[in-house]
Amino acid sequence: MPADARFEDLLAGLDPEQRRAVETTEGPLLVLAGAGSGKTRVLVHRLAYLVGACGIPPEGLLAVTFTNKAAGEMRERVEKLLGPSADGLWVTTFHSACVRILRRDIGHLGWSRGFVIYDEADGLATVKEALRRLDLDPKIHEPRRLRWRIDQWKNAGVLPAAAAAAAHDHEAELAAEVYAGYQRLLAESNALDFGDLILQTVELFERFPEVLAHYRRRWQYLLVDEYQDTNRVQYRLVNQLAGEHRNLCVVGDPDQSIYAWRGADLRNILDFERDYPDAQVVKLERNYRSTQPILDGASAVVANNRARKEKRMFTDRAEGEAIRLYEALDDRDEAQFVVRSILQAVRGEGRSFGECAIFYRTNAQSRPFEEELLKYDVPYVVVGGVRFYERAEVKDALSWLRLLSNLADGMALRRALASPPRGIGKATLERAEELAASRGTTLLEALRALAGEGGRTAAKLGAFLSLVDELAVEVRGLLPADALARVLDRSGILAHFEREGTPEAEARLENLRELLAGAEDFGAVNAGSGADERSAIELFLDQVALVSDLDAWERRAERVSLMTVHSAKGLEFPLVFVVGLEEGVFPHSAASHDAAGIEEERRLCYVGMTRAMERLVLTCAAERRRYGSRSYGVPSRFLREIPPEVVMGFVPGGEDGRPVARGRESRSLDYAFSQDEAAESSTLRPGLRVRHPIFGEGTVLEARGLGDGRKLEIRFDRVGVKTVLLRFANLEPA
DNA sequence: GCTATTGTGTTCGTG
DNA sequence: ACACAATAGC
């Protein structure tokens, strides 16, 4: 029945604007979709409409999002609407799409199609290796920073040669040199990092137009979700693909752009109408998710951004309780308040734990909440943090699989060699690396040469090498789970941990069992898709490299979810707690250097608040542990930006330690003052040059008082020292 | 080559 | 506070 769905079915339940976004199928289209405006619904219906109503074959459509989770959800919903006629539709992430393209065509660029995908840790190790080869001291040239820099270059679409050409100082020159060396090492190992997946695809298309032509012919209609978070390379990729037919629909919300730090470029969405002058624009401003007070509060916060397209969200859900604000004594008190509120909602109001979510700015903040949840036996799940696939034992096991399917993978070889420890150490490895570098061979071949030399180490090396060779043969053609089981057994990894017998080793074994279970699931899901010429093991490794923690998260009815605000984007919960709203924490100090940084933090706050459907609880703490020592916090400026009418304040200190409601507008005064202090001390500090309309230019000597009573002592060049009331002085920076 | 100790940086966020 | 890396000592 769904297979021959008629138009009306595909447009049913959409409001007029949503309908326009679905029906405008030809040419460039920009959909500005505010938080909670039914964006996913529009995307799903648009895809279904193109296939079901316009008769576009599903192979002709490409829809790209940022997370596997979003892609999976979208695909599922399209399939529900279309049934089997959705087969062949690509709904995927940028990274997965590029991997699939590169697996087919990367040969043009000199990599082999069996390339591996390096993760963060592999990349870092590669930078260190590059430094070694260039004889640079990793103490002076921090590998992490260099890795970061290389990543930024890649996000911006800058290749090593261009980086070198643009370098204007010695440091930049060196960094560019490291970048070049890093890239050579990747090539030697037949590896790509995350940035390369996109960048090399763009390179491929640029240098080999016939390859691009193939994909252009195939994908006649493009759809890009979260367009505000695309970086420059992704932008180029999208434009390459849309180049001829121009059937490009991008969907996004500038107010939810929160990834500038990893290269996202807001120009991509802001300039869409310039890039495509004939673009149609649809604005989705009706919010179907949140109550009025929540929407008002969030809108008021984001309205403080200057670099912004004006947008007015509205909702029909005029009813709804006020936003709650709790000013905690410290992080413990904050956690206690949150967990008690959750218990109260579940026991007293018939809520479920799964309806509750706690959002924080940094992963490190999860600890006190976890402790408190454990104390009350509340089931919870932490999304993010240390990723499953980046745990040492999991990476060890996977590196064996990686090595066996690509013997050139130096990084995997290094790990496999050391797991379990087999008496071959740094000295041997260094010799092998030198040998490999001088002869231009792979690390494995260098090790083979060393094994031929004789001696005790050589014997151990020989044993290891024959194990690798044997396993490579044995594992061929096996399903991932079977291959993994064999590797764990034959490598001695299992025996190693079993021998240890410590609780820690037991936890590692448990993770390995979980990995095995994951591999089995993968086998079951992908058993049918044997058309691909790549082995199941390779497909499994691709998936493992590209899944995030969030992808594995599933809404479980009976678990509180804990995650960063970044991870929360795209999700919604009836009850939301945004915690740690203090200056330095949220907005985070490291992101507060300039106005653009603060504005991104503010958008992040907006994202967090707009996840809430019915109840939004915000908390801050006067004191918290950070880096192991105490620090004192001032409530976040974002709290002050929320209109008091939509807030109900709570403070600690009732008898029996319960929080006390302070009514709608009675946030504590000192709190309001410290707000001013935070905002003002950063802008008008001693030493700053200012201009006064009457007294002329001068230097700030001291700032006293708070809020409307704030006074500044200024030494004016012409008239000497004066004290002025900030409120009336009309100062501007000189 | 392995292990215990000391030392360092970490916490801004992700695929 | 804590994890991880570098170092020294065996």
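Numbers restart at 1 for each chain; the letters A, B, ... are given by sequence-line order, proteins then strands. Only this structure's heavy atoms are used, side chains among them; waters, hydrogens and symmetry mates stay out.
- A salt bridge links A/D122 with A/K395: the closest approach of a Lys/Arg side-chain nitrogen to an acidic carboxylate oxygen falls below 4.0 angstrom.
- Here the P atom of nucleotide C/dC2 and the CZ atom of A/R625 are 9 Å apart, to the nearest Å.
- The main-chain N or O of A/A307 is never found under 3.5 Å from a side-chain atom of A/N305 such that the two would form a donor-acceptor pair.
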Tell me which donor-acceptor pairs under 3.5 Å the side chains of residues 254-265 of chain A have, and how far apart each pair is, sequence neighbours excluded?
{"unit_1": "A/D255", "atom_1": "OD1", "unit_2": "A/R308", "atom_2": "NE", "d": "2.8"}
{"unit_1": "A/D255", "atom_1": "OD2", "unit_2": "A/R308", "atom_2": "NE", "d": "3.2"}
{"unit_1": "A/D255", "atom_1": "OD2", "unit_2": "A/R308", "atom_2": "NH2", "d": "2.8"}
{"unit_1": "A/D255", "atom_1": "OD2", "unit_2": "A/K311", "atom_2": "NZ", "d": "3.0"}
{"unit_1": "A/Q256", "atom_1": "OE1", "unit_2": "A/R611", "atom_2": "NH2", "d": "3.2"}
{"unit_1": "A/Q256", "atom_1": "NE2", "unit_2": "A/D253", "atom_2": "OD2", "d": "2.9"}
{"unit_1": "A/W261", "atom_1": "NE1", "unit_2": "A/I258", "atom_2": "O", "d": "3.0"}
{"unit_1": "A/W261", "atom_1": "NE1", "unit_2": "A/H566", "atom_2": "NE2", "d": "3.4"}
{"unit_1": "A/D265", "atom_1": "OD1", "unit_2": "A/R267", "atom_2": "N", "d": "3.0"}
{"unit_1": "A/D265", "atom_1": "OD1", "unit_2": "A/R267", "atom_2": "NE", "d": "3.2"}
{"unit_1": "A/D265", "atom_1": "OD2", "unit_2": "A/R267", "atom_2": "NE", "d": "3.1"}
{"unit_1": "A/D265", "atom_1": "OD2", "unit_2": "A/R267", "atom_2": "NH2", "d": "2.7"}

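- Among the nucleotides C/dC2, B/dT14, B/dG15, the one closest to any side-chain atom of A/R367 is C/dC2.
- Between the CG atom of A/L417 and the C1' atom of B/dG1 there is a distance of 13 Å, given to the nearest Å.
- Contact annotation for A/Y259: backbone-only contact, meaning every heavy-atom pair under 4.0 Å involves sugar-phosphate atoms and none involves a base.
- Following rounding to the nearest Å, A/L450 (CG) and B/dG1 (P) show an atom-to-atom distance of 11 Å.
- A/T93 comes within 4.0 angstrom of no nucleic acid atom, judged by non-hydrogen atoms across all strands.
- Using bins of under 30°, 30° to 60° and over 60° for the plane-to-plane angle, the ring pair A/F573/A/F359 lands in the perpendicular bin.
- The one candidate from A/L401, A/L541, A/N190, A/L413 that meets the side-chain contact (heavy atoms from CB on, under 4.5 Å) condition with A/N406 is A/N190.
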Protein-nucleotides 6-10 of chain C N/O pairs under 3.5 Å:
none

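- For B/dT14, neither phosphate oxygen OP1 nor OP2 lies less than 4.0 angstrom from any side-chain nitrogen or oxygen of A/T67.
- Of the P atoms belonging to B/dT11 and C/dA6, the separation is 16 Å, rounded to the nearest Å.
- Counting non-hydrogen atoms under 4.0 angstrom, A/E120 reaches a base of the nucleic acid.
- Atom CG in A/N68 sits about 8 Å away from atom P in B/dG15, given to the nearest Å.
- Per the geometry, CG belonging to A/D151 stands 10 Å off C1' belonging to B/dT14, to the nearest Å.
- Note: A/F205 and A/Y215 meet the aromatic proximity criterion, with ring centroids under 6.0 Å apart.
- Between A/E371 and A/R332 there is a salt bridge, since at least one side-chain N of the basic residue sits less than 4.0 Å from a carboxylate O of the acidic one.
- Between the NE2 atom of A/H496 and the C1' atom of B/dC2 there is a distance of 12 Å, given to the nearest Å.
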Look for any protein N or O under 3.5 Å of an N or O in nucleotides 8-12 of chain B and output each such pair with its distance, or none.
{"unit_1": "B/dC12", "atom_1": "OP2", "unit_2": "A/H588", "atom_2": "NE2", "d": "3.2"}
{"unit_1": "B/dC12", "atom_1": "O2", "unit_2": "A/R361", "atom_2": "NH2", "d": "2.5"}

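- The existence of a salt bridge linking A/D542 and A/R103 is confirmed by a sub-4.0 Å separation between a basic side-chain nitrogen and an acidic carboxylate oxygen.
- Between A/K154 atom NZ and B/dT14 atom C1' there is a gap of 16 Å when expressed in whole angstrom units.
- Separating the CD atom of A/Q365 from the P atom of C/dC2 is a distance of 17 Å, rounded to the nearest angstrom.
- The side-chain contact (heavy atoms from CB on, under 4.5 Å) with A/E582 is formed by just one residue from the set A/E623, A/R624, A/R637; it is A/R624.
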